[in-house]
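Notes for the one structure printed next.
We name chains A, B, ... by the order of the sequence lines, and we start the count at 1 in each one. For clarity, every value in this text was computed on a predicted model and none was experimentally measured. FYI, side chains are in, hydrogens and waters are out, and symmetry mates aren't considered; it's all heavy atoms of this structure.
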Amino acid sequence: MTSNSTAKTLVKTFLRTPHSLKTKFQAKQLLAQFLQTQPYSPSSTSILISVYSNFNLLHPSLFLFNSLNSPPLLAWKSIIKCYANSGHFLNSLTCFVQMRSFGIYPDPNMFPFVLKACVFLKNLRLGESIHGCVIRLGLDFDLFTGNALLNMYAKFQSLQPNGGHKVFAFNVFDGMPKCDELCGTSAQEKGASIIQLDRMTKVLEMMPKRDVVSWNTVIAGNAQNGMYEEALRMVREMGNANMKPDSFTLSSVLPIFAEYVDVIKGKEIHGYAIRHWFDSDCYIASSLIDMYANCARIEDSCSVFNLLSKRDDISWNSIIAACVQNGVFDEGLKLFRQMLTAEVKPRDVTFSSIMPACAYLTTLHLGKQLHGYIIRGGFNDNMFIASSLVDMYAKCGNIKAARWIFNQMEHHDMVSWTAIIMGHAGLTEEAWRYFNSMSRNHGIKPGLEHYAAMADLLGRAGKLEEAYEFIGSMHTASTGSIWSTLLSACRVHKNLELAEKVANEIYKVDPENVGAYVLMSNMYAAARRWKDAAKMRIFMKKKGIRKEPACSWIEVKNRVHTFISGDKSHPLYDRIFEALKDLLEQIEREGYIPDTNEDFHDVDEEQKKYIIFSHSERLALAFGIISTPAGTTIRIAKNIRVCVDCHTAIKLISKVVQREIIVRDNSRFHHFKDGKCSCRDYW
DNA sequence: ATAGGGTTAG
């Protein structure tokens, strides 16, 4: 009896001042005391439920809630909140509907939770009926409810165009919910989706009071739906209403300037962020990293990242993606390792960000390690990750593994289809099978990238006429770039007649295509049709088209060395020249005969030999050989395709110097080892 | 005696 009365006093004190409870532990202790004070009233039970729901303790809340016969408003509110905050959105809504069926009227501060649940469940119809409920109860003047409505219409705009999401048929005024899934979005709903932003604006206009959150919500809503100018207009309007942009505003605005590739405006925002102490904010920092990366300012991305004192998974992911997108693959991999060391768990997107780096560097062992990590982390059923794995294995030359993962996948996206078709170098039959089964058995309409991949494949396999007809029969309009792949194939396989036909197609769809003119001029030269070659060049000059100089670069001891064809300006040029001569002698002993047909200069054979001899990739290669220890793998990048002769030469060089040489040109990588190349001469 | 609680970004 005495202990009961002590408990009663204690409980009474706490229920009078529920905020004095500071920890979950204290809250749990209170429950033990409370249970001794039988009988307890519904109102004190409700207060206790609200205490638990504030700590997000779902189970004690439910335990108490279920003990009530007719729960008062506070109990309903608390339980709806607790369900929503712990991710049980459907339960939260079910509770709301039940409460209505008990004839209890909701109060304003419950709507933000319920509307949030509708957004998470992607249920626009229910959201709309709740909006109706808000209006009927005359609660649409509440600031928080208004903000939640703004958010809902903003989110539904960005959800709708995709269509096909699950909609729960669900009526607030029916009593219990029906969870029939209506798959797909009707035409009527799609039509309605176009006006969601208008609805958002209408809600905003009706709001008697707006705060920073209201503005941030509509700005983000417009920005995320591609309405960039409208978003920026609203930022100005917000300023006119005497409200200052905060970190939320900036992180919605920065992606717009990233999209516009407007580094000037982006930097202005950066300056504003620094002046207002927002630059250490994780959200701002990752938007800045993305923005700078999109503007090809990777150094600025890095400095933002380096100055960040607290980094979360998204800041790490942003900087890794920034490096990989800008071709700084080694740095991307280094950061990925640092991320793991810092015990930050990678997200699914992290893997699809980092995998292209493995694919590019053709570091199969690292790709395999990542694959292991993916399996251990349970990410292997993620379509994006699986696609990037297919691509990585295909690019690293392990077609077997690529195909195995591809076959394991339940659904295939564009990336995996492209990767698998591109990956089967030379296996045209197989690629045809995949290409055909794509539309026939999987209902995926081939896109431009698949046509391009197929055309490229056929061309590289020397099936030029087949490729020509294939491109001509495309369902989508052909582009200059797709014909260009075939034109390069014509050059490799020395089919001038077809090349002229292909070039004419390019002139039709893409008259500004520099590559086509250059290639044709080169092919005429190779066929010793000097007049035609000159005609081509005069034509280019007239049109003001200039050839992009061939350029290769190599990283040695953290410095990038760039070489242009025939360039003698490198400080070590003399030694490079000696090395080149030495290499030439060695590969000639292996049977190398210079293939000067590809050179378009009208000079004698001996001179031609030297022009080819100083192609940019060879300068870079010779420099790499003399400035790195024996056996080191050499990685070279080139802005345009490697020529046939250099390809042959580098194969032999890889044999005589016993090194792996990786050359990445603008269309693919070449992995040279022991006199062979991974492309198996299909390029 | 009575209130409070909730909304936005990468």
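- Judged as a ring pair (Phe, Tyr, Trp, His ring centres under 6.0 Å), and not counting sequence neighbours, A:Phe257 has no contacts.
- The A:Ser315 side chain lies nearest to B:dG10 when the options are B:dG5, B:dG10, B:dG6.
- Applying the side chain to side chain contact (heavy atoms under 4.5 Å, CB included) test to A:Ile135 and every residue at least two apart in sequence or in another chain returns A:His131, A:Asp140.
- Under 3.5 Å, the side chain of A:Asn109 and the base of B:dG5 form at least one donor-acceptor pair of N or O atoms.
- Heavy atoms of A:Ser53 sit nowhere under 4.0 angstrom from any nucleic acid atom.
- With A:Trp76 as reference, A:Phe65 is the one residue of A:Phe96, A:Tyr105, A:Phe65 to meet the ring-ring contact (aromatic ring centres under 6.0 Å, His included) rule.
- For A:Asp211 (side chain) and A:Val213 (main-chain N/O), a donor-acceptor pair under 3.5 Å exists by modelled atom type.
- At B:dG10, one or more side-chain N or O atoms of A:Gln224 fall inside 4.0 Å of OP1 or OP2 (strictly under the cut-off).
- Within a heavy-atom distance below 4.0 Å of DNA chain B, no residue of residues 332-343 of chain A is found.
- Listed by residue number, A:Ser247, A:Phe248, A:Ser251, A:Ser252 are the residues of residues 233-258 of chain A with a heavy-atom contact under 4.0 Å to DNA chain B.
- Checking side-chain atoms of A:Trp215 against main-chain N and O of A:Met243 turns up no donor-acceptor pair under 3.5 Å.
- Here A:Lys116 reaches the OP1 or OP2 of B:dT7: one of its side-chain N or O atoms lies under 4.0 Å away.
- In this structure, the side chain to side chain contact (heavy atoms under 4.5 Å, CB included) partners of A:Asp246, at least two apart in sequence or on a different chain, are A:Val212, A:Asn216, A:Phe248, A:Thr249, A:Phe278.
- A heavy atom closer than 4.0 Å to some atom of DNA chain B occurs in A:Asp281, A:Cys282, A:Tyr283, A:Ser286, A:Ser287, these being the qualifying members of residues 280-289 of chain A.
- Looking at the side chain of A:Leu74, the nearest of the listed nucleotides B:dT7, B:dT8, B:dG4 is B:dG4.
- Taking A:Phe305 as the reference, A:Trp316 meet the ring pair (Phe, Tyr, Trp, His ring centres under 6.0 Å) condition, with sequence neighbours excluded.
- The distance from atom CZ of A:Phe144 to atom P of B:dT7 is 8 Å, rounded to the nearest whole Å.
- For the ring pair (Phe, Tyr, Trp, His ring centres under 6.0 Å) test, residues two or more places apart in sequence or in another chain that qualify with A:Phe89 are A:Phe120.
- A:Tyr83 places its OH atom 24 Å from the P atom of B:dG5, with the value rounded to the nearest Å.
- Under 4.0 angstrom from either OP1 or OP2 of B:dT7 there lies no side-chain N or O belonging to A:Asn151.
- Distance A:Trp316 CH2 to B:dG10 C1': 17 Å, rounded to the nearest Å.
- Contact between the side-chain N/O atoms of A:Lys81 and the OP1/OP2 oxygens of B:dG4 is not found at any separation under 4.0 Å.
- One interatomic measurement links the two molecules: CG of A:Leu204 to P of B:dT8, which rounds to 16 Å at whole-angstrom precision.
- Listed by first and then second residue, the salt bridge (charged side-chain N to carboxylate O under 4.0 Å, His left out) pairs that reach into residues 57-79 of chain A are A:Lys77-A:Asp107, sequence neighbours excluded.
- Applying the side chain to side chain contact (heavy atoms under 4.5 Å, CB included) test to A:Pro72 and every residue at least two apart in sequence or in another chain returns A:Pro42, A:Ser46, A:Leu68, A:Ala75.
- Atom-to-atom, CG of A:Asp107 to C1' of B:dT2 comes out at 15 Å; the value is rounded to the nearest Å.
- Between the side chain of A:Asp142 and the base of B:dG6 there is at least one donor-acceptor pair of N/O atoms closer than 3.5 Å.
- Residue contacts for A:Thr145: at a heavy-atom cut-off of 4.0 Å it reaches a base atom on one of the strands shown.
- Between A:Phe120 atom CZ and B:dG6 atom P the separation is 16 Å, expressed in whole Å.
- Per the geometry, CG belonging to A:Asn216 stands 13 Å off C1' belonging to B:dG10, to the nearest Å.
- Listed by chain and residue number, A:Met291, A:Asn294 satisfy the side chain to side chain contact (heavy atoms under 4.5 Å, CB included) test with A:Ala258 (two or more places apart in sequence, or in another chain).
- Between A:Ser41 and A:Ser44, the side chains place a donor N or O and an acceptor N or O closer than 3.5 Å (distance only, hydrogens not considered).
- Screening residues 220-245 of chain A for ring-ring contact (aromatic ring centres under 6.0 Å, His included), with sequence neighbours left out, gives A:Tyr228-A:Tyr260.
- Look at CG on A:Asn54: it is 14 Å from P on B:dG4, rounded to the nearest Å.
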